[in-house]
Number of protein chains: 2
Amino acid sequence: MTEETMTIREMCDAFDVTPRTLRFYEAKELLFPIRDGQKRLFTRRDRGRLKLILRGKRFGFSLEEIRQLLDLYSPGDRQAMQLAATLDVARERLVDMERRRTELTQAIDDLKNQMDIVEDMLSSAGRVRDAAE
Amino acid sequence: MTEETMTIREMCDAFDVTPRTLRFYEAKELLFPIRDGQKRLFTRRDRGRLKLILRGKRFGFSLEEIRQLLDLYSPGDRQAMQLAATLDVARERLVDMERRRTELTQAIDDLKNQMDIVEDMLSSAGRVRDAAE
DNA sequence: AGACAAGATGACGTTTACGTAAAGAGAACG
DNA sequence: CGTTCTCTTTACGTAAACGTCATCTTGTCT
């Protein structure tokens, strides 16, 4: 098995986060590193979860929202009822994300248009300045 | 002209925000309501800016990032140099937003897949349970 | 054994984006 | 004229997500 674990420093270097962040995520029950004495060892599962956490953060999700979604990706020993509830949460998130993408597309188009307008303003101002020389 | 202004309460009702939020945005120079005595009056320009602010927030942008973008949409009396700088900021934001959309699409696909997997787990568990009856 | 480095554990500090309570000004109403 | 709203300013409070010490263990090197 790829039971290859990583120290906290290796994790920090690999994911560009601080030790504080990893301990904080553990305290918030987003990660569950095992212990070697008092040292933390992060498993492949932790790495997968961290990747999802960082992605969720980039989308502006709170850690609590992310934690709920993570349960979907680690259905391990859940009961059917809990899984169904998690699925409901996931369905809401999915709708949310799709709505977000639609809106993002709109915002991108708007921004492009506005940039074109400003660029035109700049180039016409340039012609005015050139003509004055 | 549509010089139709709105009171703070009308704005709150229209955009579903609190007075505190609007005053806060003004303090942070995101909005510039005019005054009638000591009361604020929000113009069409303020409404346009607020719409963009709320949209930016849904994408997880900070108010400071949003403020910089707003300058692009209100190029009013800017100098060419400032406009060019604003354009540079906008270009970075645009790249950021497009990258975000790509990643969001990926996340949506991942989530759908994971939901399918969990749904399969549930339905197979259901069959096991049904068989046991 | 001594020292150094890596990691752990509190505990307080910081930033962002407001919430909330206190106190006063101005119009409006009975 | 007193009361009731609506709005204002000022100021302290708060939740999220860590940053930043200070202090303590522990393994490791010499």
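Throughout, protein chains are lettered first and strands after them, A, B, ... in sequence-line order, and every chain is numbered starting at 1. The structure presented is a predicted model; accordingly, all values stated were derived computationally and were not measured.
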Nearest-nucleotide 5' precedence on DNA chain C, A:E26 against B:L63: A:E26
Along DNA chain D (nearest heavy atom to each residue), the more 5'-positioned of B:L41 and A:T21: B:L41
Short side-chain N/O contact from B:K57 to OP1 or OP2 of C:dC18, under 4.0 Å: yes
Separation of atom CG in A:L31 from atom P in C:dA8, rounded to whole Å: 13 Å
A:E64 vs B:E10, nearer the 5' end of DNA chain D by closest nucleotide: B:E10
Polar pair under 3.5 Å, donor/acceptor by atom type, side chain B:R23, base D:dT8: no
B:R20 CZ - D:dC7 P separation (whole Å): 16 Å
Heavy-atom side-chain proximity of B:E119 to B:L122 below 4.5 angstrom: no
Which residue lies more 5' along DNA chain C, comparing B:F24 with A:T7 via nearest heavy atoms: A:T7
B:D16 atom CG, over 12 foreign heavy atoms within 6.0 Å: no
Cation-aromatic face contact A:R40/A:Y25, 6.0 Å, 45 degrees: no
Common cluster, A:V89/A:M97, ILVMFWY with side-chain heavy-atom separation under 4.5 Å: no
Spacing between B:E65 atom CD and C:dA17 atom P, to the nearest angstrom: 9 Å
Value in whole Å for how far the P atom of C:dG26 lies from NZ of B:K39: 11 Å
Residue-phosphate contact under 4.0 Å: B:R9 side-chain N/O, D:dC7 OP1/OP2: yes
Of the listed nucleotides D:dC7, D:dG19, C:dA8, the one nearest the side chain of A:R35: C:dA8
Rounded distance (Å) that lies between atom P of C:dA8 and atom CG of A:D36: 10 Å
Distance, rounded to the nearest Å, where A:I8 contributes CD1 and D:dT26 contributes C1': 15 Å
Side-chain N,O (A:R67) to OP1/OP2 (D:dA17) below 4.0 Å: no
Closest approach of A:L83 to B:M121 (non-hydrogen atoms, all atoms of both residues): CD1-CE, 3.8 Å
Sugar-phosphate, base or nothing in reach of A:K28, heavy atoms under 4.0 Å: nothing
Contact under 4.0 Å: B:Y25 side-chain N or O vs C:dA17 OP1/OP2: no
Separation of D:dT6 C1' from B:M6 CE (nearest whole Å): 16 Å
Distance, rounded to the nearest Å, where A:R40 contributes CZ and D:dT25 contributes P: 17 Å
